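Fair warning: this is a prediction, and the values are worked out from it, not measured in the lab. One-based numbering, in listed order, for ligands and for the atoms of each.
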Amino acid sequence: MRKLAAGNWKMNGTAAALAEVKALLAAHPAPGCEVLLCPPATLIAQMAWTAKGSALKVGGQDCHPKAAGAHTGDISAAMLADAGASHVILGHSERRADHGEADALVAAKAQAAWGAGLVAVICVGETEAQRDAGKTLDVVRAQLAGSVPEEASAENCVIAYEPVWAIGTGRTPTLGEIAEVHAAIRATLTRRFGAEAAGMRLLYGGSVKPSNAAEIFAVAHVDGALVGGASLKAVDFGAIIAALSA
Ligand code: PGA
């Protein structure tokens, strides 16, 4: 299985930030893993142009479940693909919290993404209160059941485990805790999708940085990372790519 280093720029970056992409491409012309950057929608086309001819893939951070229509401010999966995206992040905890996205909507968005030929990076993860209450695995299993449609495959679907309390906080679970959740995700997917589940990439996300990437990547069933803050700087994201390629 090819590992995946995915960057989520969130609501950060204007055209000037493409200098970081150029620096990343210059420093890592032939990465030993798949590399994906998901900039704000306004930068997708420009980033795809910048990445043309390189191994870098570009993705969106969300899409609408419908293909077209009267949905002011929204963007369809086909529009992302048209702009040069090959992937889309769905069900990120910030979308679930800020926009009230529930599992069924995330699943509908995944169907839309597949309809447009995009790979869906579907996010799951518990809040701190849920972890403290011992509900982590129940929460993650329920999110997988509700957010990942039946048509998921190793080609069209990546799962990102992102504990909400670890995102942007500098805090991470212990390696044992990451191992426990990733093993549970693999087992849950295997029960549902059989042998296909062995090829689905499981990313860890939440305060991944150059200093902790290697130890996290050594954990079983961690097939890469979804990186927020540290994906904004070429040197940091490059170090994470190097750790995953090692
Ligand atoms: P972070 O964000 O790396 O800044 O913690 C991760 C994410 O939200 O995908």
Any [X] heavy atom less than 4.0 Å to ligand 1:
| X | answer |
| --- | --- |
| Gly205 | no |
| Ala166 | yes |
| Lys10 | yes |

For the student: nearest non-hydrogen atoms of [X] and [Y], plus distance:
| X | Y | answer |
| --- | --- | --- |
| Ile122 | Ala110 | CD1-CB, 4.0 Å |
| Ile240 | Pro210 | CG1-N, 3.9 Å |
| Thr50 | Leu25 | O-CD1, 3.6 Å |

Item to check | Within 6.0 angstrom of Lys233 NZ, more than 12 heavy atoms from elsewhere | outcome: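 Not more than 12 within 6.0 Å, no.
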
Proximal ligand 1 atoms for [X], defined as those under 4.0 Å from one of its heavy atoms:
| X | answer |
| --- | --- |
| His92 | 7 (C), 8 (O), 9 (O) |
| Gly229 | 1 (P), 3 (O), 4 (O) |
| Gly206 | 5 (O) |
| Asn8 | 9 (O) |

Checklist entry - What orientation do Tyr204 and His182 show, parallel under 30°, tilted 30 to 60°, or perpendicular over 60°? => result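 Answer is tilted, since the angle falls between 30° and 60°.
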
Checklist entry - Is it the side chain, the backbone, both or neither of Ala230 that has a heavy atom closer than 4.0 Å to ligand 1? => result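 The answer is neither; Ala230 stays 4.0 Å or more away.
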
Item to check | Protein residue, atom and distance nearest to atom 9 (O) of ligand 1, heavy-atom basis | outcome: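 So the nearest neighbour among protein heavy atoms is Glu162 OE2, 2.7 Å.
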
Checklist entry - Can an N or O of Glu94 be found at a distance shorter than 3.5 Å from an N or O of ligand 1? => result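 Between Glu94 and ligand 1 (N or O atoms, distance only) the closest approach is not under 3.5 Å.
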
Next on the checklist: Do His92 and Glu162 pair up side chain to side chain, a donor and an acceptor below 3.5 Å, judged on atom types alone?
Outcome noted: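 Looking only at side-chain atoms, Glu162 and His92 do form a donor-acceptor pair, the distance falling under 3.5 Å.
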
Next on the checklist: Measuring from atom CG of Leu203 to atom CD1 of Ile185, what distance do you get when rounded to the nearest 0.5 angstrom?
Outcome noted: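 If we round to the nearest 0.5 Å, Leu203:CG and Ile185:CD1 are 10.0 Å apart.
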
Checklist entry - About how many Å separate OG of Ser231 and NZ of Lys10, when rounded to the nearest 0.5 Å? => result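 If we round to the nearest 0.5 Å, Lys10:NZ and Ser231:OG are 8.5 Å apart.
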
Next on the checklist: For atom 5 (O) of ligand 1, which of the options Gly228, Gly168, Ala225 provides the nearest non-hydrogen atom?
Outcome noted: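 Among Gly228, Gly168, Ala225, the closest heavy atom to atom 5 (O) of ligand 1 belongs to Gly168.
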
